[in-house]
Each structure stands twice: as structure tokens, then as C-alpha cells.
Amino acid sequence: MNISPFSFLRLYLPIVLLVLVGSAFYSNQAIEYELTQIRNQESAYIKLGAGALSNKIGFVSHDLMFLSRHTALRAAIEQPTQKNLAHLAEDFSIFSASLGHYDQIRWIDQHGMEKVRVDYLQGKAVVIPTEKLQNKGQRYYFSDTIKLKPNEVFVSPLDLNIEQNSIEVPYKPMLRIATPVSDRQGNKRGIVILNYFGNELLTAYSDATARIADHSMIINGEGYWLKSPNPNDEWGFMFKRPELSMKTRAPLAWEHISNAETGQLELEDGLWTWETTYPLKVTEKSSTGAVDAFTPSSGEVGARQYVWKSVAHFPKSSLNAIRHGLWLKVVWITGVLLILFALVIWQLVRSWKTLAAEKLKFSTVADFAYDWETWLDSNGRYLYCSPSCERITGRPAEAFMADPNLLLNICHPDDQARLKSHLQLHQASDPPCEFDFRIVLPDGKVRWLEHACQSVFGQAGEFLGRRASNRDISERQLSEEKVRYSEQRFQDVSNAAGEYLWEIDTKMRYTYVSNRSTNVKGYSPEELLGHTPMEFMHPDDIAGVGEIVNRAIADKAPFNLQHRDITKSGAIVWEEVNGTPIHDSQGNVIGLRGAGLNITERKLSELALQESHQKMHSLLNSMAEGAYGVDMNGNCTFVNRSFLRILGYGHADEIIGKHVHELIHHSHPDGTVYPASECKMYNAFLHGQEIHVSDEVFWNKNGIAIPVEYRSQPIISNGIMLGAVATFVDITNRKLAEDQIRNLAFYDALTLLPNRRLLYDRLTHAMAASKRSGHYCALMFLDLDNFKPLNDTYGHVVGDSLLVEVAHRINGCVREIDTVARFGGDEFVVMINELDVNKSESAVHAGIIAENIRLALAKPYLLKNKRLGNAESLVVHQCTSSVGVVLFIGHEQHPDDILKGADNAMYKAKELGRNQIYFSDTSH
Ligand SMILES: Nc1nc2c(ncn2[C@@H]2O[C@H](COP(=O)(O)OP(=O)(O)OP(=O)(O)O)[C@@H](O)[C@H]2O)c(=O)[nH]1
């Protein structure tokens, strides 16, 4: 795992600083402690040394005073007889030998003459014979002592013993202590003096300061060493060598030492510790002494001036060594500590990072969990609540953390008792638990939650509470509800429909059959399970059913089939089966399921219907009329053969399913569009009405209008209209016949000109029109002149052809709106409409037209002549015509009068010689 140097240093640097400061503080404290120890030790030993010196001096002083008051001495002073002197010498010997401290014990009389002297030589007290006694009157110790008052003590400086005016070698440090003695009258009778071995004193000092022997020393008041770690420095004053004194060697230290009774001071050269000893009591005196044997003291020295300094000098190098040693120790410990801290912090940072990573994982897994994750302690308080609770419950995680009862409070009232007992009672030993409950959202909606929880334990097996996962299963519940509802509905519908449900495995054995099987097959589900459907099937149907089912399995497709079953009672029932393959997750077919329905009645009906259909089909196809059916959308449901024949189709499939009106009835006879909305038949069938139309057209496949007469009748079953059936006949021949009849009534069969009836009709219309317009009309009555001879000569056929040609030539002389009619025989009537509003102008126009006709008819005719048995010949014929003209307007005259007028005019033309035009009188 990578650790960021920044993370490490951020934690480590303050600790480094702390350790360094701590180390510095500790080192200072340690050094100070060590130095304090040393200082204390120095002080203590120096005090011990000083004390040892004082004690020793005290003992000596005590011995002196004991001897000065000794009875033998008193006796010798009063009566210095040999006996008393001997006695005194003996006592001095005993004293010397018993103590061994004194080099000499003497009584010197007031003249300085040694009276009794005991020396201590080689461990024995030796009384010096009288003849060897010397006069010490010149010596400073005598002169300094003899002048003292009784009981005052003279203590000499500690110096080296001088014998024969030379410093005794080896050096014999010596301290002389003396006191004057007097007789009973108070006269001074000399002194008692003890030469005390200075080594005793120095040894006592050494013993007391043995622990600091290497740097302890005794220095006299002048700064000379009486005892020094370096013996060569000692007794400088005895050799008059001032350089062997502290005053010279360490003047600064000596200045402090000499000016203070006691003290301790660290100077550049080291630690100085000193203690001042005052060997003399108040009653004791001393003098400067003298180095030379017979030199008197230069002055008296009082008790406070007679000092020895017990001094310890702890060298600077040793102090530094201690400091360095401690520093090194601290530095080493600090280094080790820093390394240890570095390792610990490194591990700590690693652990934190691991912890952070684990926390990130945890938060990623828990905080981003889709479900609502919780952890409750043994008291039911939330230790963790995932943020998804807000999406699921509508309340934030903080609300649950703050209120352990919130879940119970928002629980649906119907589920609260169960949830409450679960939350209150679950214990560490409870197994994992799952159940569903509902909560009420803030907006009042209800949501289903699937709750799953289990106990959780720490590594030591301690119960940590229960961890739960709550999943929003509202949609699933809804879906399941829908599925349940759907299944129930399916079951109900199936039952209502009389169906039974079934499932079979790949070996075609029933694995499930619903109760309705009893109604359909006559066998209960228990009797069917484990058997195959074929065991109950009509033998003739097994092969067909097997083929359909196997194909469905191969195609993995649903199937539908009908077959016959033989019921438990032996009856044959028809069953309709719908089924579909069941697949596993790999898509393999693992069985079939479906529903079966008893369709026996329907099947029998169908068969009957089929038979009926067959009959109807035969009937339809035997009809001469075309027939077809339409559904409610107007689409064709069936056609018969005559339909196909009449309308030119080859197969019913070309029509069935198509909108019949759009296919065969889309246009009027003149080709204009005939919308279905205007179609009589279509509207009649839409309204459930019968209709009969005798004259419309259907359009055949080739786009030719076929005149038809049709009937349409709605198909109504149980009051519900299902469509219509139409029949039609081709009335082309009938129409032709009708046309002919109509032509016969209104037209001349030979010339095809309107006949007299039609002329009369049009004359009536022309009269009405002229009345509206105010324009005059003209009626011309034509009669061929001498027509009869042609008939007679060539026969009626030739005469007919002339009449036809005459009709043709007259038509060529008039407008479309005019009428040319054959009135009868060789008589023609021409009616000219819309001439002029002015009668004269109209007469002129009519005359011109009449003249044109007359001229046209007067031209020769070339007529075919074919007689029976003879070849066809051409007859050239020429004839004229007589024309009578009458003008008319409105209803001034009766039609018959107009015709009569024209006829009369024509006769006038005849009378006037034929081949001319005559206007009726009424025309002018
Ligand atoms: N070919 C033929 N002749 C007809 C037809 N109808 C009448 N006729 C004859 O037409 C003749 C008419 O005769 P009329 O008009 O009386 O005599 P006409 O010979 O024309 O002499 P005028 O009229 O006096 O000039 C008769 O001989 C009829 O038989 C017809 O449809 N076809």
C-alpha cells in the first residue's frame, strides 16, 4: 500500500519536534541532576573532610588540656625533683604509647628548657634523657605560648617538622599544640606542648574524602596545599615557593574560596567546592609560625584567622565528560526513539490508510447499498443506518439514529405488533430472520419492506447486535399480487370456461392436472397424474396429436389441436387443447402446459354447420344469380360462382376480404364516382334494411359496367347484425329489350328519328321554352313529292333507303337543339328552336333553313337495290319535297293547331306545284 509522505510527515514531524524538545529538556535535567549529584557529593565529602579535621584538632586540644592539668605535671612544677620529673615522664610515656599520635610530648619550663620530653619512635614512647634535653626558648611556639594566659592554647600552623634546622625527610607534617602552665601561685612555669603527627590529621581527612580523593585537598589560610592530589604541590610555603599555591595557580577560584567559608562554584577550570575549618577554639591562639627554627612568629593569629580549607576541585574535563556522556546517551536514546516513533507512525499511517481503505470499502458497500442497511446494538439503538433509508422510508438516516422507535412508529398499524415483538425480543441466539412488513411514508402512501436480519458477533464472540437489510418490495408485492390475481383470474376464467389446466413432462406424463379434468375427461387429476394423454385418447387421433405436439416441441411454439377422448364412462368427447412448451433457463423444453376444453357440443354444432355450409355452398353455386356476403365493415365474406362468372373473376380469393363496394360498385354508369356513403345498398345494410334496386351497374374485373338488378338483406343473429347477403342478376339483355321498346315508342324504327309522339312532347317543351325566352320557333312539315312511284318501281326497301337518306340530309341542315321527326310515310317534321324575338326575322331564318332542307333533299339519291335472287344494283333517284312552315311562340296556339297549320302550309306548297316552301298565314 502506498503511503503519502505528507501523511507520514504531518504526524511524524510534530513528534520529532516533541522528542527533540523532550530530549533537550531531559538531557538538561539529567545533566543538571548528575551535576547536582556531583555537587552534593562534593559538598558532602568536603564537609566530612572538614569535620574530620576539626574533630582531630579537638581531640588533640583535649589531650593537651588533660596533660596540662595532670597531677604529675603539677607535682613536677611545684617540686621539679628527679622523682617527680621521672614520674611525669613515665605518665607522658604511657600517654604517648597508648595513643601513638604524638611525636613529642613535652613540658618546657618558663625559660624554654625542655624539662620532660617523651618521643614516639617506631611505635614506642621514649623518654629523652635529661642530658639530651634542649632549650627551645627561641622557638616561635615557645614564645607564642608562654605569653598566653592560663588555659589558652597555642596551635601552630601545620607544617613540616624541622630537625637540626632542616625539614625532616621524609616529610613529617606536624602540628604543635601547647598551653602555658603555672604553679600554685600563678607563676608561669613553662608550657606543655604536644607535637601532633600531621599525617594523623591528613589521613583522617583522606579517609573522610576517600571517594573524591583524586581531587580533594586541604589548603591553609595562605592558599598553600597541606594535602593535594598531587603531592608535589604540597607544603609550598615550607619551601618558600609561592607558585605552589592556589593563589598563584587558580587565583579566581582562590579569591572565591578565601572569601567564603563554604561554597561551590563552577568556573572555567571546573567545579570548586570548599568548606572552611577553624581548628582553633575561641580560647585557642596561633601565630604565623616560622619556617626557620629560631625565627619567631611574625604575628599572632586569632581563632578566626586560623583556617584550613577543605577543597574539592572537580575538573572541567570531567564535567564535560559527564555532560558529553549524558548528551550522547540522550542523543542515542532520542535517535532510537525517533526511529521507533518513525516505525510506529509508519505502521500507524499504514493502519489508518488500511482503516481508511476499509472504511471506504465499508462506506462504499454500506452507504451505497441499494437496500436500507442497519445495525442495531443489543439495546435496539442504531449503530449504523445507510443513507438509502431516505429513499425507502422518506426519512433521513439521522432521524433513525436519533430515535430508535422511529421504525416502529412509521410501521403500518397492521404490522406493528409483529415488528414490535421482533425488535424487542430478538436475542444473540436468535437465528437469522426474514419477514415482510409495511411502512407508511410521509405522504401517507404504504410501502412494503422485506426485512432480513441476523445477529453479529465480534472476534471475541461478543454479541454486537443485529444487522438488518430492508428492501423495498412494493413493486414486487404489487407484481406478485398481480400474478396471484392473474393466476386466480386465469384459474377462474379457465374454470368458468370449462377448461382444465395441465402440465406434462418430456415423457408426456401428466405432472399437473386441475380439478376441472373431471368435467372434461371424466377422470380426476389423481387418475390422470403419471399417465399420458394418449392413454385416454381416441385411437384414430393419437398419431395426429403426436405429430402436432412433436412439431410444437421442435419449433418451441404454442399449438392448438382438437381430438377425441374416451371418457371413463366410455363416451366419446371432443376436446380442444391449447398448449405451449415449457423452457428451462437454457431454453431447453422441459415439458408442456396448457388447457383443455370439452368442445363436444360445439364440435357437433360445427359439424352440423359444416354440413349446412356445404349445402348452402352447393345451393349458392347452383344459383344463376350472383351472390355475396359482407361483414359489418363491408368486406366480402363469400361469393358464389355466378358472382365470379358475371363479374369476370377467376377465384373467390380475389374478392373475399375486400371491400365489395370499392371493388364492384365504385362508380355510376357514366363513370362518376359513387361513394359508399351514397350507395343505396351500403346504407341499407348499415341500417339493417332490405333493399331492392332494379337498375344499377356493377363493375366487372375488366372495368366494364354490368347492368344489374340486386337485392340486399341484412344478416341478423340473435338481434345482432353480422353483415348482409346480396344477390344480383345481369340485366344487360333486359336493358337492351327495354331500350328497344322505348325506341319503338318514341322513335321511328326506320330512320331512328323521333316519332310523332316524341315530336309532340318536344313541341310542347319548345312552346314553353319560347314563352320563357321570347324567341320564336318554327315548325316545318315536309312531304316528299311523288314518292310512291319509287316504291312502286323498286319496292319498299329502296323506298326505305331513300327515307333513311332523307332523314340523314335533314339532320344535316339543322342544329342539335332542333328536332327532326318522321311524322309518318314520307312526311317529316322539323322543329327549329330559339329563332328570334322578332317574328319577321324569325320567318326569314326559318325560310333559309327550310330552303336549305329543300335544296338538300332535291339532290339526287344513289340507292342500293337488291332484289331476291338478283345482284345488288344502284338506283339513281331524284325527288323534291314540299315544305309547309309555321312560326309559333308560347302557348298562343295549341300544339295540334301548330301541326295542323304546318300541314296545311305543306299542302299549299303541293298545291302550288310542289318543290317549294309555303309559310302558313299565321306565320306572317
Ligand atoms: N317504301 C315505303 N313507302 C311508304 C311508306 N309509308 C308510306 N309509303 C308509301 O308512300 C306513298 C305516299 O304516298 P302519297 O304521299 O300519298 O303520294 P305521292 O306519291 O307522294 O304523291 P304526292 O304526295 O301527292 O306528291 C304511298 O304509296 C305509301 O304506300 C314506307 O314506310 N315505306
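Just follow the structure's listing: the first ligand is 1, and inside any ligand the first atom is 1. For this chain, numbers begin at 1 and follow the sequence in order. Keep in mind that the numbers below use all heavy atoms, side chains included, and drop hydrogens, waters and symmetry copies.
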Pairs where residues 717-764 contributes a residue and the test ring pair (Phe, Tyr, Trp, His ring centres under 6.0 Å) is met, not counting sequence neighbours
F643-F728, F698-F728

With a 4.0 Å cut-off on N to O distance, would you call E662 and K658 a salt bridge?
no

Holding to side chain to side chain donor-acceptor pair (under 3.5 Å), I want the full list of residues that pass it with T580, two or more places apart in sequence or in another chain.
none

Between Y776 and S842, which heavy-atom pair has the shortest distance, and what is it?
CB-OG, 3.2 Å

The criterion is side chain to side chain donor-acceptor pair (under 3.5 Å); which residues satisfy it with R742, sequence neighbours excluded?
D739

Using a threshold of 4.0 angstrom between heavy atoms of the protein and any atom of ligand 1, which residues qualify?
D783, L784, D785, N786, F787, K788, P789, N791, H796, G799, D800, L803, R822, G825, D826, K910, R914

Are any of the side-chain nitrogens in D897 or K900 under 4.0 Å away from the carboxylate oxygens of its partner?
no

